[in-house]
Amino acid sequence: MPLWGAALAVLLAALAVLCLLALRLRRPGRRAVGARTLPGARREDLGEEVDGGGPAGQFSDGREPLPGGCRLICKPSALAQCLLRTLRRSAALEPGPRSWLFGPHLQTLCHFVLPVGPGSELAREYLQLADDGLVALDWVVGPGARGRRATNAGGLSAVLLVIPNAWGRLTRNVLGLCLLALERGYYPVIFHRRGHHGCPLVSPRLQPFGDPSDLKEAITYIRFRHPAAPLFAVSEGSGSALLLSYLGECGSSSYVTGAACISPVLRCREWFEAGLPWPYERGFLLHQKIALSRYATALEDTVDTGKLFRSRSLREFEETLFCHTKSFPISWDTYWDHNDPLRDVDEAAVPVLCICSADDPVCGPPNHFLPTELFHSNPYFFLLLSRHGGHCGFLRQEPLPAWSHEVTLEYFRALTDFFRTEERMKGLSRRRASFLAGRRRWGTLPKREVSPSSSLEEIFSWKRSYTR
């Protein structure tokens, strides 16, 4: 069967599922960000889903709710208070008119199935890696590049690195985020793995699920091109494993200023082993088979391509491709010892905002896929949990962008302001301490005054930890 025929079959099947779900998922009594609630029914809705035991309410931990029924879950700190104030003022979370894209499956399928809209102009660069492999960097250069305004106090535009999902599909939301960031003064660039989205596979080696080695080289190159610009990173869905692995391995030596993960897959091994609902499992699996079918001959010496293309699940596909290799086979346990995105999470020294939905049909219920102890104990990780939004959906009525995009850019702006204020206060503290030390040397200050650094530490209790 030709590739275009398989692609057409996938599209028709997805449209059929979309129509069926549209009839089944329009049920009363559900409310999402952007949905209007009657005043008399608001308290009952909150009591049922937040206070009573709905998915979002189990992790509220007594925190005040945000607009739109969202919750911020994190360890208390000065940065957390700054982020909480930003989210409370966010217009993106304010309730709006009810949209027909209301159910989680509709939001998810529209995100993955609908074609990418026109209007984006991409300038591609191929980066040759240390092992002679290739990755691609798509710089979003238009429209909207004119009138670019600086995103930080130094007058330099920040670079926004966007990592798509692990299946290699460039979705509408990824390009929508890049276009919105371009309007806000960022330099957006999309990272494509080996063999993904038209990037040639020049060596018979693909990138494992959580191996950040290729991403490290790409970020080093971006840093070389923009040495003085701040670098922010956003990942989508299963692509978050790559970003989190990078942050954990690099620790405080990471070039990233702040990161955000939209609908991240955090417990990846359990996610593969439990499997997805069959429409998503079959859809993602078929997409990967189609993408790798063009490299079947090149991969014959590395893996059993016959078994690979007969795989019936995502786990079987992943295990055949990376564990049952002909040259260096490893066990499933060993594979996840090296690819679990949370294996070095304690080493991460960059603030990370995870935007998740309690009705995510791909990841599953929050009590299964969210390691809430991570957000309660680690001051670098913040969880924004919404009641609705599907997987990487978070859609609003056209022409408004997904509210997760607005919140992500507002979060980066809050980080920039917070770090700027922190550095300014530390500079004042150092100058004050130096001045007092000079006076003591000349004997003009008989008594030692208390440095204000202790009070500053109370104001800014959040600090970077240098672990490596």
Side-chain angles (χ1 to χ4, degrees), residues 108 111-112 116 122 127 135-138 140 159-178 181 188-199 206-219 222 231-250 254 256 258-269 271-272 276 280 283-285 287-288 291-292 314 317-318 321-322 336 339-343 345 348 350 352-357 360 362-363 369-370 381 389-394 402 404-405 408:
T108 304
H111 167 66
F112 282 104
V116 175
L122 306 178
L127 179 63
V135 295
L137 295 175
D138 281 342
V140 183
V159 177
L160 181 65
L161 174 64
V162 182
I163 303 174
N165 55 74
W167 323 131
R169 175 167 175 77
L170 187 62
T171 60
R172 291 169 57 91
N173 274 8
V174 166
L175 277 182
L177 172 61
C178 292
V189 56
I190 305 173
F191 172 80
H192 296 291
R193 311 184 192 207
R194 308 174 186 224
H196 283 187
H197 200 67
C199 180
L206 292 167
Q207 187 172 11
F209 196 78
D211 179 9
S213 55
D214 293 354
L215 183 62
K216 287 181 182 178
E217 296 190 48
I219 290 179
I222 293 172
L231 175 62
F232 296 98
V234 181
S235 59
E236 176 196 52
S238 52
S240 301
L242 201 59
L243 178 57
L244 294 175
S245 295
Y246 166 79
L247 296 177
E249 283 198 9
C250 292
S254 167
V256 176
C261 301
I262 300 176
S263 297
V265 180
L266 298 177
R267 290 174 172 165
C268 296
R269 176 173 180 173
W271 184 70
F272 271 99
L276 281 63
Y280 302 106
F284 293 149
L285 182 61
H287 177 78
Q288 290 194 88
L292 286 184
L314 290 174
F317 188 89
E318 190 81 6
L321 186 60
F322 295 109
W336 285 112
N339 288 276
D340 187 346
L342 301 183
R343 62 188 181 276
V345 69
V350 172
V352 181
L353 175 65
C354 297
I355 303 177
C356 300
S357 171
D360 190 323
V362 174
C363 292
F369 77 89
L370 284 180
F381 283 80
H391 183 74
C392 301
F394 307 104
S404 58
H405 299 170
T408 298

Can you check side chain to side chain contact (heavy atoms under 4.5 Å, CB included) on Leu292 and Phe317, steps first, answer last? CA-CA 11 Å; Leu292 286 184; Phe317 188 89; 3.5 Å; yes
Please find the pair of heavy atoms, one from Leu243 and one from Ala260, that lie closest to each other, and give the distance. CD2-O, 4.0 Å
All ring-ring contact (aromatic ring centres under 6.0 Å, His included) counterparts of Phe209, not counting sequence neighbours: Phe272, Trp336
Quick check: do Asp138 and Val162 have side-chain heavy atoms less than 4.5 Å from each other? no
Contact check, side chains of Gln288 and Leu321, non-hydrogen atoms, under 4.5 Å: no
Would you check, one step at a time, whether the test side chain to side chain contact (heavy atoms under 4.5 Å, CB included) holds for Ile190 with Leu175? CA-CA 9 Å; Ile190 305 173; Leu175 277 182; 4.0 Å; yes
Nearest heavy atoms of Cys363 and Ser263, plus distance in Å: SG-O, 4.3 Å
Decide yes or no on side chain to side chain contact (heavy atoms under 4.5 Å, CB included) for Ile163 and Val234, but give the supporting numbers first. CA-CA 6 Å; Ile163 303 174; Val234 181; over 6 Å; no
In chain order, what residues pass the salt bridge (charged side-chain N to carboxylate O under 4.0 Å, His left out) check against Asp214, with sequence neighbours excluded? Arg194
Provide the closest heavy-atom pair for Lys216 versus Cys250 in the form atom of the first, atom of the second, distance. CE-SG, 3.9 Å
Please determine, by modelled atom types, if Thr171 and Asn173 share a side-chain donor-acceptor pair under 3.5 angstrom. no
What distance separates Gln207 CD from Arg193 CZ, expressed to the nearest 0.5 Å? 5.0 Å
Taking side chain as C-beta onward, heavy atoms only, is Phe381 less than 4.5 Å from Val345? yes
From Glu249 CD over to Leu244 CG, what is the distance, rounded to the nearest 0.5 angstrom? 12.0 Å
With Arg269, which residues qualify under side-chain hydrogen bond (donor to acceptor under 3.5 Å, both in side chains), at least two apart? Glu273, Asp333
What one should report as the nearest heavy-atom pair of Leu231 and Ile219 is CD2-CG2, 3.7 Å
How about Leu160 and Val189: do any of their side-chain heavy atoms sit closer than 4.5 Å? no
Contacts of Ser357 meeting side chain to side chain contact (heavy atoms under 4.5 Å, CB included) (sequence neighbours excluded), chain-then-number -> Asp359, Phe394
Within-4.5 Å side-chain heavy-atom neighbours: Pro264 and Ser235: no
My understanding is that only residues two or more places apart in sequence, or in another chain, count here; which of them pass side-chain hydrogen bond (donor to acceptor under 3.5 Å, both in side chains) with His196? none
Could you work out, with side chain to side chain contact (heavy atoms under 4.5 Å, CB included) as the rule, every residue matching Cys199, not counting sequence neighbours? Tyr126, Leu134, Ala136
At their closest point, which heavy atom of Gly258 faces which heavy atom of Val350, and how far apart are they? CA-CG1, 3.6 Å
Do Phe191 and Leu137 make a side-chain contact, defined as non-hydrogen atoms from C-beta onward lying under 4.5 Å apart? yes
Flag, side chain of Ser238 to backbone of Ala166, donor-acceptor distance under 3.5 Å: yes
When rounded to the nearest 0.5 angstrom, what is the spacing between CG in Asp360 and NE2 in His391? 5.5 Å
By side-chain hydrogen bond (donor to acceptor under 3.5 Å, both in side chains), Thr408 pairs with (sequence neighbours left out) none
Going by the rule salt bridge (charged side-chain N to carboxylate O under 4.0 Å, His left out), which residues pair with Asp340 if we only count those two or more places apart in sequence or in a different chain? none
Hey, what do you get for CG (Asn165) to CG (Leu242), rounding to the nearest 0.5 Å? 11.5 Å
Of all heavy-atom pairs linking Glu217 and Leu127, the shortest is O-CD2, 3.8 Å
Is it the case that the side chain of Ser245 and the backbone of Gly210 share a donor-acceptor pair, with hydrogens and angles ignored and the cut-off at 3.5 Å? yes
For Glu318, enumerate each residue passing the side-chain hydrogen bond (donor to acceptor under 3.5 Å, both in side chains) test, keeping only those at least two apart in sequence or located in another chain. Tyr335
With a 4.5 Å limit on heavy-atom distance, are the side chains of Cys261 and Val352 in contact? yes
Suppose we screen for side chain to side chain contact (heavy atoms under 4.5 Å, CB included). Which residues come up paired with Leu276, at least two apart in sequence or across chains? Trp271, Tyr280, Glu281, Phe284, Leu314, Val362
